[in-house]
There are 2 protein chains.
Amino acid sequence: MIIQLDLESDIPIYRQLVNQIIEGIATGLLNPGEQLPSVRSLAADLGINLHTVNKAYTHLKQEGFLQIHRQKGALIQPHSMPQADTPFKHKLMAEVRPLAAEAICRGMNEDAFIAACRAAYSSIHHNKGGTTP
Amino acid sequence: MIIQLDLESDIPIYRQLVNQIIEGIATGLLNPGEQLPSVRSLAADLGINLHTVNKAYTHLKQEGFLQIHRQKGALIQPHSMPQADTPFKHKLMAEVRPLAAEAICRGMNEDAFIAACRAAYSSIHHNKGGTTP
DNA sequence: TATATGTTATATATGTAGCATAACAGTAGG
DNA sequence: CCTACTGTTATGCTACATATATAACATATA
C-alpha cells in the first residue's frame, strides 16, 4: 500500500492518511485482517511525526475500520466492517448538499451531477475484484 | 432569507454562511441582482462579528457569486453566474471521492450511493421553478 | 457635509495541526 | 527475567486558522 501525501494541501496530513486508508479498504488493496505498519515505522517512511499517524489510526479505530492490539499493531477490521447506518447517511447528505447547491448555481443539471458522483464511485469500486475467500 | 448558524458545529461560521447563501441562490430564494444585508447589519442580526460576515462575502465575491459596491453593499451576481468549469469539476470529484470510498467500505452499493446524491440534489432543486426567461 | 458602505489595520483569545521528546504499559520471544 | 517492540499518554513548543474587538480609512450617495 503506497501512500502519497501532499504537504502543501489544505487537507490535514492525518486526514489524508484516513482518506487513503479508507480508499485502500474500498478498492480491496487493503483486506480485512491485514496488518498495517506500526505508527513509528509508517511515520518514518512518510517523514512525519509518530503522533500524526497515531491520530489517523485512532480516528479509524473509533469509526470501526481498524483494530489495534498492543504488541501486534494495527489490523484492518477482520469482522463486520462498519455499516451504512443512519448517522453515516446523515453525514453523507450533509456533505453532499453544499456540493449539490454549488453545482446547481453553476448550471449543472441533475444528470451531469449524478454522472460525476457515479464516476467518483466507479473510479474506486472498479478495482474491487471478488477475491475475498 | 433566514440564516441558521450552529455555533457548536465543527464547520466554521463563515463557511456556514457561504454554504447557506449558495444554497439560497440554488433554491431561488435569493435571485440575481438581489441585495444582501450589509456586513454590519447581518453581523448584528446573527450576533457575530462584522469580519466574519465580511470573510464570507469576500469568498463569495472571489468565486463570482457576489458583486460588491462600496456604498450599495453586496448584490447577488446579476449576470453570468460562475460556470461548472474544469476546476470546479475537479474540486467536486476530489470531495466526493472520500465519501464514495467510505460508502463502499460500509457496504453501500452504487445504486444506494447514487440515490443519496440524487436526494441531496433534489432537496435543493425542487424549489427552483422554471421562471428564468 | 453627513452618512452608510466596504476595506484595512492592529491586537487578542482560542482551538487545531504538527513536531519533538520522553516516559509508561503491555506482550512476544530469547 | 530481560529485551525489544508495540500502542498510549504527557508535556512543551511553533505555526496557523477562526473569531472577536476597536479603530481608522476610502468611497459613493443623499
Side-chain angles (χ1 to χ4, degrees), chain A residues 1 3-22 30 33-78 95 98, chain B residues 1 3-22 30 33-78 95 98:
Chain A
M1 172 86 184
I3 289 188
Q4 281 293 343
L5 295 182
D6 177 7
L7 302 183
E8 310 298 317
S9 168
D10 57 338
I11 301 171
I13 299 176
Y14 82 93
R15 185 136 289 282
Q16 293 183 46
L17 262 175
V18 167
N19 288 343
Q20 292 193 31
I21 290 174
I22 289 181
L30 295 174
E34 190 170 336
Q35 192 107 20
L36 288 181
S38 74
V39 292
R40 285 177 175 82
S41 70
L42 183 52
D45 282 357
L46 299 176
I48 61 178
N49 190 272
L50 143 174
H51 290 99
T52 306
V53 177
N54 191 50
K55 189 168 181 177
Y57 279 14
T58 302
H59 270 256
L60 289 164
K61 170 183 156 195
Q62 287 180 337
E63 294 199 9
F65 292 108
L66 292 189
Q67 269 186 12
I68 297 184
H69 290 2
R70 281 265 164 195
Q71 152 84 353
K72 298 177 180 174
L75 294 184
I76 307 292
Q77 183 67 259
E95 302 209 18
Chain B
M1 171 88 186
I3 291 188
Q4 280 294 345
L5 295 182
D6 177 7
L7 302 183
E8 310 298 316
S9 168
D10 57 338
I11 301 171
I13 300 176
Y14 82 93
R15 185 136 290 282
Q16 293 183 45
L17 261 175
V18 167
N19 287 344
Q20 292 193 31
I21 290 173
I22 289 181
L30 294 175
E34 189 170 336
Q35 192 108 20
L36 289 181
S38 75
V39 292
R40 285 177 175 83
S41 69
L42 182 53
D45 282 357
L46 298 176
I48 61 179
N49 191 272
L50 143 174
H51 290 100
T52 306
V53 177
N54 191 51
K55 190 168 182 177
Y57 278 14
T58 302
H59 270 256
L60 289 164
K61 169 183 156 194
Q62 287 180 336
E63 293 198 8
F65 292 107
L66 291 190
Q67 270 185 11
I68 297 185
H69 291 2
R70 280 263 166 196
Q71 153 84 353
K72 298 178 182 173
L75 293 184
I76 306 292
Q77 183 67 258
E95 302 209 19

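The figures here come from the full heavy-atom set of this structure, side chains too, leaving out hydrogens, waters and symmetry mates. Chain letters run A, B, ... following the sequence lines, proteins first, then strands; residues in each count from 1.
- For B/Ile11 and D/dA19, the CD1 to C1' distance is 16 Å, given to the nearest whole Å.
- At the heavy-atom level, B/His51 lies under 4.0 Å from base atoms of the strands shown.
- Between A/Ile48 and A/Leu17 there is a side-chain heavy-atom pair separated by less than 4.5 Å.
- At D/dT18, one or more side-chain N or O atoms of B/Tyr14 fall inside 4.0 Å of OP1 or OP2 (strictly under the cut-off).
- Contact between the side-chain N/O atoms of A/Thr52 and the OP1/OP2 oxygens of C/dA17 is not found at any separation under 4.0 Å.
- Contact annotation: A/Lys55 reaches the phosphate of C/dA17 (side-chain N/O to OP1 or OP2, under 4.0 Å).
- Atom pair B/Asn49:CG and D/dA23:C1' shows a separation of 13 Å (rounding to whole Å applied).
- Following rounding to the nearest Å, B/Ile48 (CD1) and C/dT14 (P) show an atom-to-atom distance of 19 Å.
- Distances shown here put a side-chain N or O of B/Ser38 below 4.0 Å from the OP1 or OP2 atom of C/dT5.
- For the pair B/Arg15 CZ and C/dG15 C1', the computed distance is 18 Å after rounding to whole Å.
- The side-chain heavy atoms of B/Ile13 and B/Asn49, taken from C-beta on, include no pair separated by under 4.5 Å.
- Here the C1' atom of nucleotide C/dT5 and the NZ atom of B/Lys61 are 13 Å apart, to the nearest Å.
- Rounded to an integer number of Å, the gap from A/His59 NE2 to C/dT16 P is 11 Å.
- Shown here, D/dA30 forms a base pair with C/dT1; the pair counts as Watson-Crick or G-U wobble because both key distances fall under 3.5 Å.
- Heavy-atom minimum distance, B/Pro37 versus B/Leu42: CB-CB, 4.0 Å.
- The CG atom of B/Leu50 sits 13.5 Å away from atom NZ of B/Lys55, with the distance rounded to the nearest 0.5 Å.
- Proximity of B/Leu66 to B/Ile76: side-chain heavy atoms (C-beta onward) are separated by under 4.5 Å at one or more points.
- Regarding B/Arg40, its CZ atom lies at a distance of 14 Å from the P atom of C/dT3, rounded to whole Å.
- Within 4.0 Å (heavy atoms only), A/Ile13 reaches sugar-phosphate atoms of the nucleic acid but no base atom.
- Between B/Gln62 atom CD and C/dG6 atom P there is a gap of 16 Å when expressed in whole angstrom units.
- Residue B/Ser41 is the one, among B/Leu50 and B/Ser41, whose nearest nucleotide of DNA chain C lies closer to the 5' end (criterion: closest heavy atom).
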